[in-house]
Amino acid sequence: MKNFDLPFLPERTQKPRKSGITMMMDKGLSNTQTEYIIESCGELIDFVKFGFGTSYLTKNLKIKLALYKEANINCYLGGTLFEAYAVRDMFDDYRKLLDDLDLEVAEVSDGCIHIDQEKKLKYISELSNQVKVLSEVGSKSADVVLSDGEWISKMNSELEAGSWKVIAEARESGTIGIYDSKGGAKSEMIDHISEKVNAENIIWEAPQKAQQVWFINHFGANVNLGNIAPEEVIPLETLRLGLRGDTFFSFIPDDVAKPFK
């Protein structure tokens with residue numbers, strides 16, 4: 001996706017991507033809005049998450065899913081909906097729902113409820129025989145704080161159980177989990193995690209621009225980022241390419257950039 005040539009831009013991965021993933025959050029777009037998003041930037045979107053329980057209320061849900069599928073965009077239901085089924089002991093019903101909606105991806109999380117880790121790994125293992133699994137680590141409650149070791153252990157065990165990627169929880173606000181209450185990245189913790197877990201296997205939730213900038217400057221243009229608002233998909237891509245002030249000099253060679261700094 002480009003309208004003209006410009007040197008010194010980072011090389012971006014192409015679909016189907018294993019890294020450089022952009023996960024967009026759909027919190028109730030109309031089908032007309034969905035068509036607009038697909039037309040304007042569909043090739044930049046790898047996954048669409050139907051945030052929390054919004055799929056329960058989304059009108060013409062199957063039509064919307066078909067639009068995304070035709071555009072080669074994978075959709076999945078938010079982890080909170082999975083938890084809504086799990087807490088009601090309706091895991092088999094959840095699996096049937098995935099089949100009924102013809103979904104190829106599912107999220108397993110325990111952000112709202114406590115699920116024993118062994119039980120969570122069993123959910124992941126069983127679902128991975130049916131669909132591609134994204135599992136989320138971290139709680140939606142500020143009272144639940146994981147140590148670096150717990151983040152690492154949970155992520156690695158979930159990948160071993162069958163998760164394709166693990167998602168680092170931040171909520172749609174970006175003020176929890178891998179961030180402090182003001183949205184700042186917990187850099188030491190993130191560095192420690194990425195030393196023990198292959199960063200290519202992690203999708204970092206980064207709804208705020210400053211968070212996206214931090215991760216791109218820290219891990220490069222092809223870092224996996226999630227919880228991106230529809231209107232921020234193209235702005236995020238400009239950050240990845242160094243076409244926005246915050247990352248402008250991140251990818252230009254020093255000898256070229258020096259006279260302009």
Side-chain angles (χ1 to χ4, degrees), residues 1-4 6 8-29 33-52 54 67-68 71-76 78 105 107 134 136 138 164-179 182-187 190 194 199-252:
M1 181 182 179
K2 62 179 182 178
N3 293 315
F4 41 82
L6 196 63
F8 310 127
L9 299 184
E11 184 176 349
R12 286 285 282 123
T13 52
Q14 301 298 314
K15 284 187 174 183
R17 281 181 274 262
K18 293 183 179 180
S19 62
I21 289 167
T22 293
M23 179 267 278
M24 187 190 87
M25 181 179 279
D26 182 328
K27 297 192 289 185
L29 295 174
Q33 290 172 310
T34 299
E35 290 174 338
Y36 166 76
I37 291 295
I38 290 170
E39 180 185 357
S40 65
C41 57
E43 63 269 35
L44 303 177
I45 304 167
D46 300 279
F47 293 94
V48 166
K49 175 170 71 175
F50 285 72
F52 27 101
T54 54
L67 289 171
Y68 281 127
N72 193 29
I73 298 171
N74 290 297
C75 295
Y76 65 96
V105 182
E107 180 180 352
L134 305 175
E136 186 173 70
W164 185 69
K165 304 286 185 190
V166 288
I167 302 169
E169 171 72 75
R171 301 200 72 173
E172 67 273 18
S173 62
T175 55
I176 206 165
I178 54 174
Y179 304 107
K182 295 182 179 179
K186 296 178 180 178
S187 57
I190 292 168
S194 62
E200 185 177 292
N201 291 329
I202 304 173
I203 299 176
W204 310 94
E205 292 188 338
Q208 299 181 25
K209 173 191 168 188
Q211 296 164 353
Q212 298 160 18
V213 170
W214 188 89
F215 274 103
I216 290 167
N217 282 332
H218 207 65
F219 291 107
N222 290 306
V223 63
N224 301 320
L225 298 175
N227 281 15
I228 307 302
E231 66 274 14
E232 294 300 324
V233 171
I234 290 179
L236 168 60
E237 193 66 18
T238 63
L239 286 173
R240 290 186 185 275
L241 295 174
L243 296 176
R244 199 169 174 182
D246 307 83
T247 57
F248 189 87
F249 287 109
S250 299
F251 308 107
I252 299 175

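Here the structure is a predicted model, which means the values were calculated and not measured. The first residue in the sequence is number 1, and the count goes up from there.
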Is there side-chain contact between [X] and [Y], with heavy atoms separated by less than 4.5 Å?
{"X": "K209", "Y": "E232", "answer": "no"}
{"X": "V213", "Y": "L239", "answer": "yes"}
{"X": "Y179", "Y": "Q211", "answer": "yes"}
{"X": "E136", "Y": "V166", "answer": "no"}
{"X": "K165", "Y": "E200", "answer": "yes"}
{"X": "V223", "Y": "I216", "answer": "yes"}
{"X": "L243", "Y": "L6", "answer": "yes"}
{"X": "P230", "Y": "Y36", "answer": "no"}

K18 atom NZ, neighbour heavy-atom count above 12 within 6.0 Å: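 No, the 6.0 Å shell around NZ holds no more than 12 heavy atoms from other groups.
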Inset, instruction - Determine yes or no for a side-chain-to-main-chain donor-acceptor pair under 3.5 angstrom, with D46 supplying the side chain and T22 the backbone. - result: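 Answer holds: yes.
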**OP:** Apply the side chain to side chain contact (heavy atoms under 4.5 Å, CB included) test between L44 and each candidate in I73, I228, I37, I234; give the one that qualifies.
**Re:**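 So the option named by the test is I234.
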Side-chain donor-acceptor contact under 3.5 Å, [X] with [Y]:
{"X": "N217", "Y": "S250", "value": "yes"}
{"X": "T247", "Y": "R240", "value": "no"}
{"X": "Y68", "Y": "N74", "value": "no"}
{"X": "N227", "Y": "K49", "value": "yes"}

Exercise for review: Would you please classify the geometry between the W204 ring and the F219 ring as parallel, tilted or perpendicular, with 30° and 60° separating the classes?
Suggested key: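 It falls in the parallel class, under 30°.
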Any idea which heavy atoms bring I45 and R17 closest together, and the distance?
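Taking every non-hydrogen atom into account, N-NH2, 4.4 Å.
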Query - Closest non-hydrogen atom pair between L241 and P10, with its separation - result: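 So the minimum-distance heavy-atom pair works out to O-CD, 3.5 Å.
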Would you compute the distance between atom CH2 of W214 and atom CD of Q208 and round it to the nearest 0.5 angstrom?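 Here the interatomic distance stands at 14.0 Å.
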- Message: Holding to side-chain contact (heavy atoms from CB on, under 4.5 Å), I want the full list of residues that pass it with E35, two or more places apart in sequence or in another chain.
- Response: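 Per chain and number, E35 pairs via side-chain contact (heavy atoms from CB on, under 4.5 Å) with L67.
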